Trainee: 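One structure is given below, represented as structure tokens, and several questions about it will come after.
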There are 2 protein chains.
Amino acid sequence: MSFLTYKNPSLVEAASVIRDALEKHMLIVVFGNCRVDYEGRASSTLEWGNRLVIIKTDGSVLVHRPIGYEPVNWQPPGCIFHVEVLDGELKVRATRLHPRETLNIFFGEVIHIMVSSLTDTGEFSLYVSELDIKKAILTMPSLVEEGFKPISAEKELGESGFVDVLGEDSRGNLVVVEIKRVSVGKDAVFQLERYVKALERRVNRPIRGILVAPEIQKEAQLLAAHRKFEFKPISLKRCYEVLKLEKTKKLSDFMV
Amino acid sequence: MSFLTYKNPSLVEAASVIRDALEKHMLIVVFGNCRVDYEGRASSTLEWGNRLVIIKTDGSVLVHRPIGYEPVNWQPPGCIFHVEVLDGELKVRATRLHPRETLNIFFGEVIHIMVSSLTDTGEFSLYVSELDIKKAILTMPSLVEEGFKPISAEKELGESGFVDVLGEDSRGNLVVVEIKRVSVGKDAVFQLERYVKALERRVNRPIRGILVAPEIQKEAQLLAAHRKFEFKPISLKRCYEVLKLEKTKKLSDFMV
DNA sequence: ACGTCGATCTCGAAC
DNA sequence: GTTCGAGGTCGACGT
């Protein structure tokens with residue numbers, strides 16, 4: 001893994017370093033005084049200040065101020081770059097097609113550059129997503145309620161979108177399950193309402209709506225109660241354990 | 001503005017530099033080989049690899065891989081930090097309360113550290129937001145249609161939320177305006193429908209629904225037509241010009 | 001290619 | 001404090 005730093009380079013030197021690194025698809029970190037403008041889905045300008053500019057190996061760009069999680073300006077992966085020194089400023093242009101958007105960074109002073117051809121093969125795993133909750137419910141339907149039997153997942157319901165899980169309860173009622181990973185808000189209740197109503201237009205039997213999530217917001221609770229929807233709390237940890245168990249089981253099946 | 005870099009520091013040196021910089025609320029950029037785990041709203045692990053870790057002056061943390069716009073792990077502003085060298089690893093812990101979340105970064109090797117007490121006072125301005133479109137419409141109601149007269153903006157309609165702009169047309173009909181900055185999707189149509197229906201329960205006169213945005217999605221167009229809602233295309237540039245004009249006008253009023 | 005939906009969303013404003 | 005909506009959202013998945 002190559003790694004190089006340049007302290008207080010001239011703008012011409014900086015331009016050369018950045019051009020070379022872009023060609024080799026290296027990670028580039030520039031610290032310096034710059035102004036930025038953007039033109040695309042919206043337009044923005046950022047006046048002079050000291051910032052951290054990161055150009056990644058996939059052609060994405062981040063302009064970070066000293067505060068805030070989010071970059072003040074950016075460009076998603078896949079940009080085409082142009083670097084030049086013009087009127088005493090180092091201009092880095094990152095252009096994206098579809099949609100057509102341009103980010104221009106003008107450095108008046110480059111304080112530090114770091115370039116590296118780094119490799120990062122480390123695996124990233126996130127434990128419980130909304131899809132994981134669905135998988136956990138399909139694996140262990142009793143997470144919704146005792147006697148619940150899934151019929152299908154993600155059933156298309158015309159303009160109303162998809163049902164997270166469709167099933168039957170122990171008394172033969174249709175059950176529409178709406179899953180939220182964190183908290184049931186108003187939206188989830190309205191969505192479930194749309195699904196249930198769309199289903200009621202198609203079939204002629206009792207339909208129950210159940211909201212499944214770790215928690216529900218107060219207002220959503222009222223809206224749900226008003227529509228006779230039920231709320232079933234679920235634990236992310238429990239879902240994670242159900243999925244891990246399932247994985248181990250499948251693995252042991254394979255081993256035998 | 002102070003600025004310091006450290007190349008290939010020992011883990012103990014690195015810990016000392018980071019601790020000191022955290023105390024002074026400096027911007028810290030660390031490049032090194034690390035593994036990361038996170039526990040909070042979800043849980044995640046990231047195996048060993050070379051990454052760029054940024055700790056900002058407001059206590060936010062970003063862990064960036066060589067590709068992707070988004071950080072692989074992060075922590076929003078306001079974290080409490082703990083730095084220690086343990087079992088041959090430099091551990092940086094960033095804890096957040098509300099919700100309780102912990103990010104642990106374990107460095108096996110630190111390749112480069114950059115610390116700086118940077119200042120960045122440059123103003124950032126984005127030209128046209130959704131609010132700007134509303135302001136532009138309130139300033140120049142003909143953007144919606146000739147003869148449109150706004151009555152109020154952001155009218156509360158119970159559980160249906162807020163109306164972007166409520167007004168009257170030239171023939172005395174009530175007009176509900178739903179604004180989207182980029183494109184009218186299904187959601188906007190459903191939202192407008194909720195507003196119109198909520199309003200119909202309250203007043204007994206004709207109500208029109210108008211969707212205002214630079215463009216409309218095909219499916220949304222059908223849904224809108226089915227509900228007799230109209231779509232009024234609007235240009236972001238035009239809004240920007242209307243607002244700029246208004247600003248200049250106000251300024252000149254002040255000057256006189 | 002386009003549309004839909006989730007996100008450790010983040011961020012800000014309003015209540 | 002909570003709730004809600006917007007975002008240049010981004011990113012993933014399905015058609």
Side-chain angles (χ1 to χ4, degrees), chain A residues 36-44 58 60-63 67-78 96 98-103 124 126-134 154 156 159-162 164 178-183 185-188 191 214-215 217-220 236, chain B residues 36-44 46 58 60-63 67-78 94 96 98-103 124 126-134 154 156 159-162 164 178-188 191 214-220 236:
Chain A
V36 185
D37 58 53
Y38 153 78
E39 182 75 44
R41 285 166 293 180
S43 310
S44 75
D58 59 356
S60 52
V61 186
L62 306 168
V63 181
I67 58 167
Y69 160 82
E70 294 182 325
V72 58
N73 278 110
W74 71 93
Q75 204 69 291
R96 175 197 189 191
H98 314 303
R100 176 90 185 183
E101 298 191 293
T102 306
L103 184 70
F124 176 73
L126 187 71
Y127 288 146
V128 182
S129 64
E130 189 161 315
L131 182 63
D132 287 332
I133 300 175
K134 191 196 290 184
E154 300 219 319
E156 173 74 83
E159 62 176 53
S160 296
F162 288 88
D164 281 335
E178 173 69 21
I179 298 167
K180 286 290 155 190
R181 210 189 62 85
V182 179
S183 177
K186 281 202 239 176
D187 280 3
Q191 209 167 335
E215 54 180 10
Q217 288 166 26
K218 210 172 282 178
E219 211 170 350
L236 291 185
Chain B
V36 184
D37 58 53
Y38 154 77
E39 182 76 44
R41 286 165 292 178
S43 310
S44 75
L46 177 63
D58 59 357
S60 51
V61 185
L62 307 169
V63 181
I67 58 166
Y69 159 83
E70 292 182 325
V72 58
N73 278 111
W74 71 92
Q75 202 69 290
R96 175 196 189 193
H98 314 301
R100 178 89 185 182
E101 297 191 294
T102 306
L103 183 71
F124 175 73
L126 187 70
Y127 288 146
V128 182
S129 64
E130 191 160 313
L131 182 62
D132 288 332
I133 300 176
K134 191 196 290 184
E154 300 219 318
E156 172 74 85
E159 65 176 52
S160 297
F162 287 88
D164 282 334
E178 174 68 22
I179 298 168
K180 287 290 158 191
R181 211 188 63 83
V182 179
S183 176
V184 172
K186 282 203 241 175
D187 281 3
Q191 209 167 335
E215 54 181 9
I216 186 165
Q217 289 165 27
K218 211 172 283 179
E219 212 170 350
L236 291 184

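Below, all heavy atoms of this structure are taken into account, side chains as well, without hydrogens, waters or symmetry copies. Small disclaimer: the values here were computed from a predicted structure and weren't measured. In the text below, chain A, chain B and the rest are named by the order of the sequence lines, each starting its count at 1.
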Trainee: In this structure, how many angstroms lie between the P atom of dG11(D) and the NE2 atom of H98(A), rounded?
Mentor: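 Computing the H98(A):NE2 to dG11(D):P distance gives 17 Å.
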Trainee: Less than 4.5 Å apart, any side-chain heavy atom of R96(A) and any of H98(A)?
Mentor: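 Answer no - side chains too far apart.
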Trainee: Could you pull out all residues at least two apart from D187(A) that satisfy side-chain hydrogen bond (donor to acceptor under 3.5 Å, both in side chains)?
Mentor: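 Partners of D187(A) by the side-chain hydrogen bond (donor to acceptor under 3.5 Å, both in side chains) criterion come out as none, since no residue qualifies.
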Trainee: Over all heavy atoms of both residues, which pair between P77(B) and S60(B) is shortest? Give the atoms and the distance, please.
Mentor: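 P77(B) and S60(B) have their closest heavy atoms at N-CB, 3.6 Å.
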Trainee: Indicate yes or no: at least one non-hydrogen side-chain atom of L126(A) is less than 4.5 angstrom from one of F124(A).
Mentor: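 Yes - at least one pair of side-chain heavy atoms lies under 4.5 Å apart.
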Trainee: Please measure how far the C1' atom in dA7(C) lies from the corresponding atom in dC11(C), and state the result in whole Å.
Mentor: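 Approximately 14 Å lies between the C1' atom of dA7(C) and that of dC11(C).
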Trainee: Could you give the CG-to-P distance, from D187(A) to dC5(C), as a whole number of Å?
Mentor: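 Between P of dC5(C) and CG of D187(A): 11 Å.
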Trainee: Which value, rounded to the nearest 0.5 Å, describes the distance between E39(A) atom CD and R100(A) atom CZ?
Mentor: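 Answer for the CD-CZ pair, E39(A) versus R100(A), is 11.0 Å.
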Trainee: Can you find a side-chain donor-acceptor pair between S44(B) and N73(B) that sits under 3.5 Å?
Mentor: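 Short answer, yes.
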Trainee: Could you state the atom-to-atom distance from CD of E219(A) to C1' of dA14(C) in whole Å?
Mentor: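 Atom-to-atom, E219(A) to dA14(C), this comes out as 13 Å.
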Trainee: What pairs of nitrogen or oxygen atoms, one from the protein and one from nucleotides 6-10 of chain C, lie under 3.5 Å apart?
Mentor:
residue	atom	partner	partner atom	Å
dG6(C)	OP1	E130(A)	OE2	3.3
dA7(C)	OP1	E130(A)	N	3.1
dA7(C)	OP2	E130(A)	OE1	3.3
dT8(C)	O4'	Y38(B)	OH	3.3
dT8(C)	O3'	R41(B)	NE	3.4
dT8(C)	O3'	R41(B)	NH1	3.4
dT8(C)	N1	Y38(B)	OH	3.4
dT8(C)	O2	Y38(B)	OH	3.4
dT8(C)	O2	R41(B)	NH2	3.0
dT8(C)	O4	N73(B)	ND2	2.8
dT8(C)	O4	W74(B)	N	3.2
dC9(C)	OP1	R41(B)	NH1	3.1
dC9(C)	OP2	R181(A)	NH2	3.0
dT10(C)	OP1	R41(B)	NH2	3.1
dT10(C)	OP1	W74(B)	NE1	3.1
dT10(C)	OP2	R41(B)	NH1	3.0

